[in-house]
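Shown next, in structure tokens, is the structure this report addresses.
We count residues from 1, following the sequence as given.
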Amino acid sequence: IVLVTGVQTCALPIFRVTESFEDKEMLHMLIVRNNVYRLVDLKANAAGDLGVTGDIKKFFKTFHGKRMWGPDKNLQLCQNLIRPLFEQDIVEPGDLLVFCQTEGLYQFPFHAVDYHVETTESYDGSPIIAHHPVIYCPSLSVLHNCFRSRTNMPNATTRTSLVFGGVVAKSHKFGVESVSKIGNEILCSPQTTFPGPAATRANFLHHISSSELVHVHLHTSYPASAAADQKFTSEPLKQALLFNDPPVEGEKVRLSARELFGLEMVRGAHISLAACSSGRFRAGGDGSQHIVTDEVVGLVPAWMISGAGSV
């Protein structure tokens with residue numbers, strides 16, 4: 001799905017592999033802008049020299065094994081997939097592009113793809129990101145909820161801020177200072193700025209329901225050892241923010257992704273999240289196990305499901 005958005009409008013590219021791709025070889029792009037919808041059959045569109053579906057099939061079969069393609073081949077495949085978007089006469093210069101890829105297509109970096117010189121004179125071969133802001137959305141349900149939140153957000157001239165955290169450690173000596181500066185000097189919200197030891201779970205829960213601009217700078221429960229990384233990514237609802245409260249029975253006070261789903265938040269709030277590995281999720285497999293998911297779960301999607309418009 002590709003959502004293309006102008007200054008006051010929204011448009012969206014969405015990619016969808018229907019049925020079992022390896023068996024049916026069906027691949028579509030849904031483009032939405034200003035309530036105008038275009039459904040593009042990429043297999044039909046790729047007639048002749050592009051061969052998109054065949055290359056996609058090869059990509060999925062080899063992704064978890066030995067790489068048979070280099071970066072140039074992968075980018076060429078991305079280019080062939082995204083090209084129909086700019087042949088529909090629907091995207092305008094400067095539009096924001098929101099990409100929502102399903103069933104494994106999140107592996108493709110469409111923002112890095114070159115424009116096609118032959119498509120229109122305004123495209124000079126530079127990457128898409130040089131012409132359009134680009135956002136990736138991790139799942140269709142998150143996309144729907146995020147768009148609904150932004151549409152229903154309060155129409156206010158000023159936004160209530162919550163600035164929170166600042167990791168207290170020798171290796172993060174500027175964390176507390178940065179939180180204080182953002183809250184007190186930049187956002188001018190000293191009453192809702194909680195740096196260092198003040199960044200407690202109680203303060204967070206007390207203010208989050210009325211905050212429209214939220215800056216969080218905390219550790220996550222991401223393990224120190226690489227061996228424990230699999231558990232962190234394979235149990236996404238247990239991923240958690242760690243607060244600066246004094247430890248309880250030797251454990252850091254935390255707020256898990258599961259708890260984030262139940263937060264009461266201002267619809268459409270923006271979350272600035274500086275928390276190591278908070279965007280990590282498991283999108284692959286181990287050995288012969290092949291995992292392709294449309295619904296990514298973890299700290300970032302949890303924010304969006306609970307009402308945030310952007311993270």
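- Note that NE2 of H217 is 7.5 Å distant from SG of C276, once rounded to the nearest 0.5 Å.
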request  = Go through the steps for L260 and W303 under the test side-chain contact (heavy atoms from CB on, under 4.5 Å), then give the verdict.
outcome  = CA-CA 6 Å; L260 276 172; W303 281 107; 4.0 Å; yes

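- Taking OG1 of T192 as the start and CG of L187 as the end, the distance is 8.5 Å to the nearest 0.5 Å.
- Within the 4.5 Å cutoff, side-chain heavy atoms of L85 are placed close to those of I31.
- For the pair F110 and V134, the minimum side-chain heavy-atom distance is 4.5 Å or more.
- Of the possible polar contacts, none joining the T220 side chain to the S277 backbone as a donor-acceptor pair under 3.5 Å is found.
- The heavy-atom pair separating A308 from I271 by the smallest distance is CB-CG1, 3.7 Å.
- The two residues R254 and R201 have their closest heavy-atom pair at O-NH1, 2.6 Å.
- Within the 4.5 Å cutoff, no side-chain heavy atoms of N203 are placed close to those of F243.
- Side-chain contact check for S178 versus K181: every heavy-atom pair is 4.5 Å or farther apart.
- For the atom pair S161 OG and Q191 CD, the distance stands at 12.5 Å (nearest 0.5 Å).
- Checking side-chain atoms of E259 against main-chain N and O of S256 turns up a donor-acceptor pair under 3.5 Å.
- When all heavy atoms are compared, the tightest approach of L241 to V216 is CD1-CG1, 4.4 Å.
- Side-chain contact check for F204 versus L263: some heavy-atom pair is nearer than 4.5 Å.
- Considering every non-hydrogen atom in both V163 and V179, the closest pair reads CG1-O, 3.4 Å.
- The two atoms that bring F99 and I82 nearest to each other are CE2-CD1, 3.3 Å, heavy atoms only.
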inquiry  = side-chain contact (heavy atoms from CB on, under 4.5 Å) for L218 and L242? Distances and angles first, verdict last.
reply    = CA-CA 6 Å; L218 293 170; L242 304 182; 5.9 Å; no

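- H207 and F194 have their aromatic ring centers within a separation under 6.0 angstrom.
- Residues Y136 and H111 bring their aromatic ring centres within 6.0 Å.
- Minimum heavy-atom separation, P133 to D95: CD-O, 3.5 Å.
- Between C100 and V98 the shortest side-chain heavy-atom distance does not fall below 4.5 Å.
- The CG atom of L96 lies 4.5 Å from the CD1 atom of I135; values are rounded to the nearest 0.5 Å.
- We find the NE2-CG distance between H270 and L213 to be 7.0 Å, quoted to the nearest 0.5 Å.
- The cluster map of Ile, Leu, Val, Met, Phe, Trp and Tyr, joined by side-chain heavy atoms under 4.5 Å apart, puts L255 and L299 in the same cluster.
- The structure places CD1 of I182 at 10.0 Å from OG of S189, a figure rounded to the nearest 0.5 Å.
- Judged purely by atom type and a 3.5 angstrom limit, N244 uses its side chain to pair as donor or acceptor with the backbone of G166.
- Criterion: ILVMFWY side-chain heavy atoms under 4.5 Å apart, direct or through other members. Under it, I186 and L273 are not part of a common hydrophobic cluster.
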